[in-house]
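Remember, it's 1-based here, ligands and their atoms both numbered in the order they're listed.
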Amino acid sequence: MERKSNNVTPIAICTWAFSNASKQAGEALERNAAALDAVIIGVAVEEANLKNTTVGKGGTPDREGNVTLDACVMAPNGDCGAVACVENITHVAALARKVMENTPHFMLAGKGAEEFAYANGFKKENLLTETATQQWKEWLKTSEYKPIINIENHDTIGMLAIDAQGDIAGACSTSGLSYKMKGRVGDSPIIGSGLFLDNDVGGAVGTGMGEEILKTVGSFLIVELMRQGYSPQKACEEAVHRVVTKNPDHTNFQVAYIAMNKAGEIGSYCIHSGFAMMKYQDGKNETITSPSFLK
Ligand code: GLY
């Protein structure tokens with residue numbers, strides 16, 4: 001692929017070992033897709049993956065049995081869009097893009113977002129699978145709300161891409177924490193928390209306990225640290241340290257970040273071991289295990 005002025009071939013990275021997502025996004029970039037198109041393609045893979053219980057269709061419901069999805073996107077020019085607490089729509093990152101492009105607003109939530117989806121050609125789908133229903137019924141027997149690190153928190157797909165023009169875009173999509181309260185919205189649709197980027201600097205996405213990412217505005221923090229000269233790795237470490245310092249209960253939840261700067265350098269860091277990210281570049285799709293605060 002032709003080299004650009006910043007000497008970086010297209011890259012797609014994403015949270016967790018969502019290898020098909022990074023591959024689809026990376027291959028789209030190699031076909032000269034724009035970064036925003038590529039990240040929508042990438043996260044759509046997991047949104048449609050019925051085996052993924054924390055993103056899209058097949059996601060674990062809230063404690064009342066409703067699957068509610070959150071997503072956001074951010075474009076190289078700084079435009080962004082989001083949807084929160086949306087039911088019956090699988091591809092919520094694409095819907096967030098429609099909010100960005102076709103409304104005067106940043107975010108639509110709940111029924112308004114769902115109606116907007118139908119008006120824009122999205123189809124109504126039952127997101128609650130038989131497997132998720134059985135697991136929810138099992139959970140109801142105790143109704144103990146205690147997200148399991150790296151399992152029930154194995155949530156968001158956050159993806160960043162640099163395209164052949166050197167532009168950066170990002171997307172985030174999740175069904176949020178399993179058995180959350182009805183109406184709960186996490187970090188994933190919130191620009192600056194679940195996702196932030198500056199096309200002059202780089203981008204970051206978060207995954208894990210959304211409440212903690214929100215309280216420390218983690219993705220914004222990482223991008224601003226990179227602006228000050230931090231490497232993506234050091235910036236992710238600082239953002240995790242911020243969470244850890246502010247909350248002594250951090251042994252009981254996971255927070256993880258991945259980041260990429262304009263030069264295509266990447267980094268990742270998390271509280272608990274067990275987190276990995278994907279990177280697709282030059283035809284190579286690799287899983288990268290993240291270093292962690294707690295060993
Ligand atoms: N990080 C996803 C959530 O907390 O909803």
Geometric N/O contact [X] with ligand 1, under 3.5 angstrom:
X	answer
Gly208	yes
Thr174	no
Ile213	no
Asp70	no

With a 4.0 Å cut-off on N to O distance, would you call [X] and [Y] a salt bridge?
X	Y	answer
Arg242	Glu238	yes
Lys23	Glu27	yes
Lys57	Glu47	no

Legend entry - Polar side chain donor-acceptor pair, Glu138 to Gln134, under 3.5 angstrom: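 Side-chain D/A pair, Glu138 to Gln134: absent.
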Inset, instruction - Establish, from distance only, whether the side-chain atoms of Glu30 and Tyr280 form a donor-acceptor pair under 3.5 Å. - result: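 On atom types as modelled, these side chains qualify, holding a pair under 3.5 Å.
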Inset, instruction - Provide, to 0.1 Å, the distance between atom 2 (C) of ligand 1 and the closest protein heavy atom, together with that atom's residue and name. - result: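 So the nearest neighbour among protein heavy atoms is Asp155 OD2, 3.0 Å.
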Suppose I only count heavy atoms of [X] and a 4.0 Å limit; which atoms of ligand 1 are within that range?
X	result
Ser188	1 (N), 2 (C)
Thr156	1 (N), 2 (C)
Gly176	5 (O)

Distance-only criterion, 3.5 Å: show the donor-acceptor pairs between side-chain atoms of residues 33-46 and protein atoms not counting sequence neighbours.
residue: Asp37; atom: OD1; partner: Arg97; partner atom: NH1; Å: 2.6
residue: Asp37; atom: OD1; partner: Arg97; partner atom: NH2; Å: 3.2
residue: Glu46; atom: OE1; partner: Asn49; partner atom: ND2; Å: 3.1
residue: Glu46; atom: OE1; partner: Asn52; partner atom: ND2; Å: 2.8

Legend entry - With Lys111 via side-chain hydrogen bond (donor to acceptor under 3.5 Å, both in side chains) - residues at least two apart: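 Listed in chain order: Glu114.
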Inset, instruction - Mark the output for Arg184 as yes if a heavy-atom distance to ligand 1 is under 4.0 Å, and as no if none is. - result: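 Judged by the 4.0 Å heavy-atom criterion, Arg184 does count as contacting ligand 1.
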